[in-house]
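Source: prediction; values computed, not measured.
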Amino acid sequence: MKAVRYHSYGGSDVLVHEDVDRPVAGPGQVVLRVAGAAFNPVDVAVRTGFFEQIFPVTFPHVPNFDVAGTVTEVGAGVNDWKPGDAVVALLPMTGPGAAAEYAVVAAHALAATPRTADLADAAALPSAGLTAWQSLFEHGGLRAEQSVLVNGAGGGVGGYAVQLAKAAGATVTATAGARSAERIRFYGADRIVDYTATPLPEALAGRRFDVVLHLVRTDPEETARLIDLVADGGVFVSTATPGPEHPGRGVRTAQVYVRSDAGQLAELVARVDAGALHIDVAERRPLADLAAVHDDAVAGRLAGKTVLIP
């Protein structure tokens, strides 16, 4: 089969589209014919070795940990899935990924794909959707009638976070640039702040939120200033730069590292099928373009979620 792999850390040129052996399902595993593998910005950091201490990989490494596809083979002990089933999953970030024609997945990580979405596009759901869910409800404890600020709503996680927070009955303020503002408004944000026009602490001076979900990389000083936007006793939840450990005023900070959860993923799928959660894919590109996608991400040229098609 064809796969994209890298044999060492480095620039985008280490990504090689090459012939590799097709995987075989071991006990508790399935093999998928990959329909789509979503790109995530963290893929770049892993490839460069920036996260070597946190997310070490074994070479040669197949990237892309979001996958949607069709089961072609089941291993011993797998009873819930069969060949032909359309499924979606979040793979371990450090294990073999989905940038290939076929991928091995632990059966316990699988959920059925949405019936109402394109099979390949379903790959845009797992990591971003689960990160949004776990950030808001597990770490943020968000409840109805609370207020939430989603800083970085234009990204994959942010779009899902706006939708999930609105569905939970929260009042949602979102930061977004002109490129994504219309989409975030469609998702139900009560207020959109153009972060390119005015620095966020100034644009929201005097406002405080029960939950601040921080999804963009900032320096520690910028991050500390955002704490002023959290209400007394509120929560600062970050997937990027960590908040200070002891910010005072009863404010709690939490750092999010997404984990695979098939039950939560199935709930997200159910919401998609109910029309309550929208999957947004900006672009589908051939798997062979993965190195160019990495370059476009670094240059800021990606308009949203990109799905690679083998």
Going from [atom1] on [X] to [atom2] on [Y], what distance comes out if it is rounded to the nearest 0.5 angstrom?
X	Y	atom1	atom2	result
Leu277	Tyr187	CG	OH	8.0 Å
Leu215	Asn151	CG	CG	7.0 Å
Thr175	His214	OG1	NE2	9.5 Å
Trp133	Asp261	CH2	CG	10.0 Å
Arg5	Leu15	CZ	CG	12.0 Å
Arg33	Tyr102	CZ	OH	5.0 Å

Does [atom1] in [X] sit with more than 12 non-hydrogen atoms of other residues, nucleotides or ligands closer than 6.0 Å?
X	atom1	value
Arg301	CZ	yes
Glu18	CD	yes
Asp219	CG	yes
Phe55	CZ	yes

Next on the checklist: Run Phe236 and Leu226 through side-chain contact (heavy atoms from CB on, under 4.5 Å) and show every step you take.
Outcome noted: CA-CA 9 Å; Phe236 181 87; Leu226 294 177; 4.0 Å; yes

Assigning hydrophobic clusters by single linkage (Ile, Leu, Val, Met, Phe, Trp, Tyr; side-chain heavy-atom cutoff under 4.5 Å), is [X] placed with [Y]?
X	Y	answer
Val150	Tyr195	no
Leu136	Leu229	no
Val62	Val20	no
Val42	Val237	yes
Val216	Val258	no

I'd like to know if [X] and [Y] make a salt bridge, using a cut-off of under 4.0 Å between side-chain N and carboxylate O.
X	Y	value
Glu221	Arg225	no
Arg143	Asp210	no
Arg259	Glu138	yes
Lys2	Asp19	yes
Arg285	Asp296	yes
Arg208	Asp232	yes

Checklist entry - Can you check side chain to side chain donor-acceptor pair (under 3.5 Å) on Thr171 and Ser147, steps first, answer last? => result CA-CA 5 Å; Thr171 301; Ser147 60; over 6 Å; no

Find out whether [X] and [Y] are in side-chain contact, i.e. whether some heavy atom of one side chain is under 4.5 Å from a heavy atom of the other.
X	Y	result
Leu149	Val211	no
Val230	Val235	no
Pro96	Val104	no
Arg47	Ser12	yes
Val31	Val24	no
Thr72	Pro83	no
Pro247	Thr253	yes
Val193	Leu204	yes

Checklist entry - Where do Phe50 and Tyr9 land on the ring pair (Phe, Tyr, Trp, His ring centres under 6.0 Å) test, with the steps shown first? => result CA-CA 9 Å; Phe50 182 79; Tyr9 294 121; over 10 Å; no

Checklist entry - Between Val44 and His294, does a side-chain contact (heavy atoms from CB on, under 4.5 Å) hold up when you go through it step by step? => result CA-CA 6 Å; Val44 173; His294 277 231; 3.7 Å; yes

Check: [X] side chain, [Y] main-chain N or O, donor-acceptor pair, under 3.5 Å:
X	Y	result
Gln163	Gly159	yes
Arg249	Ile227	yes
Asp194	Gly177	no
Asp43	Asn40	yes
Asp121	Asp118	no
Arg183	Gly154	yes
Thr48	Ala45	yes

Next on the checklist: side-chain contact (heavy atoms from CB on, under 4.5 Å), that's the test. Do Leu290 and Leu308 meet it? Break it down for me.
Outcome noted: CA-CA 7 Å; Leu290 185 56; Leu308 285 305; 3.9 Å; yes

Item to check | His278/Tyr160 under ring pair (Phe, Tyr, Trp, His ring centres under 6.0 Å): CA gap, chis, key distance, verdict | outcome: CA-CA 8 Å; His278 299 274; Tyr160 290 126; 10.0 Å; no

Next on the checklist: Applying the side chain to side chain contact (heavy atoms under 4.5 Å, CB included) criterion to Val88, which one of Thr113, Leu110, Val67 satisfies it?
Outcome noted: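 That would be Thr113.
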
Checklist entry - How about Tyr6 and His61: are their ring centres within less than 6.0 Å of each other? => result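 Yes.
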
Checklist entry - Step by step, would you call Thr131 with Thr239 a side-chain contact (heavy atoms from CB on, under 4.5 Å)? => result CA-CA 8 Å; Thr131 300; Thr239 66; 3.7 Å; yes

